[in-house]
Engineer: 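Please find one structure pasted underneath; my questions will follow.
Within every chain, numbering begins at 1; the chains are lettered A, B, ... in the order of the sequence lines, protein sequences first and strands thereafter. Everything quoted here is computed from the prediction, not taken from an experiment.
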2 protein chains.
Amino acid sequence: MDMSDARGTRERLVVVGGDAAGMSAASAARRLRGPDELEIVAFERGHFTSYSACGIPYWVGGDVTDRDRLIARTPEEHRARGIDLRLRTEVTELDPGRGRVRARDLASGTESWTSYDKLVIATGARPVRPELPGMDAPGVHGVQTLDDGQALLDTLAATRGRRAVVVGAGYIGVEMAEAMINRGYEVTVVNRGSEPMATLDPDMGRLVHRAMEGMGITMVNDAEVTKLLTGDDGRVRAVATEEAEYPADVVVLGIGVQPGTALARAAGLPLGEHGGLLTDRSMRVRGHENVWAGGDCVEVLDLVSGQERHIPLGTHANKHGQIIGANVGGSYATFPGVVGTAVSKVCDLEIARTGLREKDARRVGLRFESVTIESTSRAGYYPNASPMTVKMLAELRTGRLLGVQIVGREGAGKRVDIAAVALTAGMTVEQMTALDLGYAPPFSPVWDPVLVAARKAAAKIRAAS
Amino acid sequence: MDMSDARGTRERLVVVGGDAAGMSAASAARRLRGPDELEIVAFERGHFTSYSACGIPYWVGGDVTDRDRLIARTPEEHRARGIDLRLRTEVTELDPGRGRVRARDLASGTESWTSYDKLVIATGARPVRPELPGMDAPGVHGVQTLDDGQALLDTLAATRGRRAVVVGAGYIGVEMAEAMINRGYEVTVVNRGSEPMATLDPDMGRLVHRAMEGMGITMVNDAEVTKLLTGDDGRVRAVATEEAEYPADVVVLGIGVQPGTALARAAGLPLGEHGGLLTDRSMRVRGHENVWAGGDCVEVLDLVSGQERHIPLGTHANKHGQIIGANVGGSYATFPGVVGTAVSKVCDLEIARTGLREKDARRVGLRFESVTIESTSRAGYYPNASPMTVKMLAELRTGRLLGVQIVGREGAGKRVDIAAVALTAGMTVEQMTALDLGYAPPFSPVWDPVLVAARKAAAKIRAAS
């Protein structure tokens, strides 16, 4: 045990991972308990803390010009609040049995144990990187961390060619497609699924597909990448699938992430079927009195399906951090679960979803009716009223709302919040038809598109009953 | 009884008032029951049917260039669906005892009785017009009907001066202020209240006040209009209050409306304390088996206060019409009530409210905590993130959400829908802190402004408990 572990009668909180969940937890705990009561040690293997990973596509695309604007709170700010933050220090082992973690100083390579009274695991997610030839070639970039973003920008600055291939068409993939378009690249998106945005049903994904093509993005669906081809200089030169090769001066990997739970797994902590840590409602790791976990490394309860899911998203990580901090700090808070809301955009196309897709509902034994309607963001006669498509699923018999998907332009995406609250409240689509939503011609047609969908869904449920 | 009353064994539905509620009811009933089963006679004293009165400010302001775009369905379209629509025909008496109405053909002046099996009263609202000298002078205009809007536009075309005075600073007043600014007028708004937008608490109204001044609108508060001054030509030339005179080339009255229930009152139908018809949940007039009423002439149940209110708004009128049509047509539907959601804008300022203001809560015996927060429409680092202020009221002890008010720029207004659904569901502010709202940097900060307000409100409720 090295000197860093020396301490008095104060409790010690150790936080593993210095991004949204971890540092929110540390900050919230600090607000409740001062440095004389609670020592807080936070380990972070990277160079940064508390940054918006969700903002990286907009930094790469040029909408955000200054990297530091993505940083919500700097290491210095955390330290000024009495948090012993150790950057470039990677935790290599969790030992919940003896209440300690082992960490390696990445600069010196020295390792030491630090004991804790309370532990917060916030190890985030790690990018899915299929083991394919050429995956590590220069010119191939992930976009999970600020370091990743900087490396990609350095490559763009040094690359003369203007052909970008984005692998993956989930939200990171489509956001990076926009970023590369904004940078003046010719963009091809290579997608394993039948349509982009697999978080939508394929009929709604097709709308995204068409819109992306309308933006000049080449969309290649049903395409499994087999290898990345490199040139004589060792740099990537093309992405190969079984059918074709797509020339690339730069390749962006947007293939998604998995829970970063290797340490937790090695320590025997409980993991769910998606590989994320399992917690109780207070975000405490199941069966471990003094260990909490939150953010991209945990599974969360889906309130609609009743099952656990892995949803890496900054807004959840921040909530988890607040809740963990409250509980660690001696207050009380719980995280009831999620309904699976997500919103993203590609150029001026807005894409949103909440609740269950058709296949999700089937998988958990729910039978449903599905409706799709077209409406507009504003009264039809008002300038810039833009079209939107709303798909809604409702359970047979009960009429309970199961999910909503929206594809449209300006004003479409955040309408999903109406459905997110209705799902949380367990509303039926019939109840939704009477919702008192904000109406004025610049904001909505006299029947909001979500109400139009609810009316059609309610009629279909009645007809089926 | 004249020939128009001859009929066979079909039931006859008589609709009084041919705008949103009345014609929606007629159309919905027609979809359920064909002309061989149900005769539908609709009386409308004006020239138009089914138009968006809410759109008039945008037509006057020039955002909407074609009046006919405000008309959702023309008289010809209604007639093609088998509705016997009688324009320029004013109902002058309701006789529920004998099941008939008397109507006057405004062109010929002839009156006749029409009997009904079922009656729908959709007589709308009438503008509040204080009896002041000069009120009927040329150059003084209301904006309730399409005819009003056309008359105002005709005046604007014929008027050389560029000074407009808007009387009233409710949503019609502020929308008309925008319209006149857009037409290039120098605009003064004369307002009886201490701040514009009395549907907000004064502290939020003050934000609107300041923003309007920033747009170059002269805002005069605490000012009661005593008379309208006219020139030698008889046209209006100024608006006078006790303190001052405001020169005016045109005066727009935006003082609000009252339920148009003179006929209902004369017929002994039940009216509430705000002068609106009282209905049951099926929109049937209380105590009258075969009479329904909806739209701006009825009072609606406020689900938050538990009391009746008068809220003239197209979106409610359309819902009422659908519900009445279903019930009249032999199906079943109910209107549970409202939470008092409204959204409007003045130029780029968005104003929204739902639920109770402080004085509403006090009036119904509710004690509460109130919080106000500042946030932004998008992540702070994202381009065009615009500031917004959110005020939230929550009940003491229960923590139940009581109301939300929002003043901001683009992206602020429709966020009120989150609160509208939460109010409908009876959520507590603590429950709201966990809402799974759509997050991505172009759409929201990582904590949506509504969540920020909910967190602060929940903390205040806990501290008070």
Engineer: Please look at B/Ala434 and chain A and tell me whether the side chain, the backbone, both or neither of the residue comes under 4.5 angstrom of a heavy atom of that chain.
Structural biologist: both
Engineer: Minimum heavy-atom separation for A/Ala425 to B/Ala425, with atom names?
Structural biologist: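 Closest pair (atom of A/Ala425, atom of B/Ala425, distance): CB-CB, 3.4 Å.
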Engineer: Sort B/Thr65 into side chain, backbone, both or neither according to what part of it lies under 4.5 angstrom from a heavy atom of chain A.
Structural biologist: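 For B/Thr65, there is no contact with chain A at all, as no heavy atom is under 4.5 Å.
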Engineer: Pull out the residues in residues 317-325 of chain A that come under 4.5 Å of chain B, heavy atom to heavy atom, sorted by number.
Structural biologist: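 A/Asn318, A/Lys319, A/Gln322, listed by number.
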Engineer: Side chain, backbone, both or neither: which part of B/Leu423 has a heavy atom under 4.5 Å from chain A?
Structural biologist: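 Neither; nothing under 4.5 Å.
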Engineer: Okay, side chain of A/Asp417, backbone of B/Gly438: is any donor-acceptor separation there less than 3.5 Å?
Structural biologist: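 Side chain of A/Asp417 to backbone of B/Gly438: a pair is present.
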Engineer: If we define contacts as heavy-atom pairs under 4.5 Å, which of B/Pro336, B/Ala458, B/Pro442 has the most with chain A?
Structural biologist: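 Option with the greatest count: B/Pro442.
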Engineer: Measure distances from A/Arg353 to the heavy atoms of chain B and classify the residue's part below 4.5 Å as side chain, backbone, both or neither.
Structural biologist: neither
Engineer: Quick test of your reading of the model: are B/Lys414 and A/Asp448 salt-bridged, counting only N-O distances below 4.0 Å?
Structural biologist: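 So B/Lys414 pairs with A/Asp448 through a salt bridge.
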Engineer: Sub-3.5 Å donor-acceptor pair from the side chain of B/Thr341 to the main-chain atoms of A/Leu437, do we have one?
Structural biologist: no
Engineer: Could you have a look at A/Ser52, A/Gly413, A/Gly337, A/Ala20 and say which one has the most heavy-atom pairs with chain B under 4.5 angstrom?
Structural biologist: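 Greatest number of close heavy-atom pairs with chain B: A/Ser52.
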Engineer: Between B/Arg455, B/Glu410, B/Met432, B/Glu430, which shows the greatest number of heavy-atom pairs under 4.5 Å with chain A?
Structural biologist: B/Arg455
Engineer: Need one label for B/Tyr58: side chain, backbone, both or neither, based on atoms under 4.5 Å from any heavy atom in chain A.
Structural biologist: side chain
Engineer: Could you have a look at B/Thr334, B/Leu313, B/Val339 and say which one has the most heavy-atom pairs with chain A under 4.5 angstrom?
Structural biologist: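 The option with the most such pairs is B/Val339.
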Engineer: Heavy-atom pairs under 4.5 Å with chain B are the metric here; pick the option from A/Trp59, A/Tyr171, A/Trp447 that has the most.
Structural biologist: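 Heavy-atom pairs under 4.5 Å are most numerous for A/Trp447.
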Engineer: Let's go through A/Val421 and B/Met427 carefully: what are the C-alpha distance in whole Å and the side-chain angles of both, what is the deciding distance for side-chain contact (heavy atoms from CB on, under 4.5 Å) to 0.1 Å, and is it a yes or a no?
Structural biologist: CA-CA 10 Å; A/Val421 185; B/Met427 283 187 185; 3.8 Å; yes
Engineer: Mind checking the CZ-SG spacing from A/Phe443 to B/Cys54? Nearest 0.5 Å is all I need.
Structural biologist: 12.5 Å
Engineer: Considering only heavy atoms, which portion of A/Leu303 lies under 4.5 Å from any heavy atom of chain B: side chain, backbone, both, or neither?
Structural biologist: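 No part of A/Leu303 comes within 4.5 Å of chain B.
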Engineer: Return the CG to OG1 distance between A/Asp436 and B/Thr424, rounded to the nearest 0.5 Å.
Structural biologist: 6.5 Å
Engineer: Looking at B/Tyr382, is its backbone amide N or carbonyl O close enough to the side chain of A/Arg69 to form a donor-acceptor pair, meaning the two atoms are under 3.5 Å apart?
Structural biologist: no
Engineer: Does any N or O in the side chain of B/Thr315 come within less than 3.5 Å of the main-chain N or O of A/Tyr439, such that one atom is a donor and the other an acceptor?
Structural biologist: no
Engineer: For B/Arg462, is it the side chain, the backbone, both or neither that has a heavy atom under 4.5 Å from a heavy atom of chain A?
Structural biologist: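 No part of it gets close to chain A.
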Engineer: Which region of A/Ala422, side chain (C-beta onward) or backbone (N, CA, C, O), has a non-hydrogen atom less than 4.5 Å from a non-hydrogen atom of chain B, or is it both or neither?
Structural biologist: both
Engineer: If you take all heavy atoms of A/Tyr381 and B/Gly55, which pair is closest and at what distance?
Structural biologist: OH-CA, 3.2 Å
Engineer: Please look at A/Ser444 and chain B and tell me whether the side chain, the backbone, both or neither of the residue comes under 4.5 angstrom of a heavy atom of that chain.
Structural biologist: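 Just the side chain, heavy atoms under 4.5 Å.
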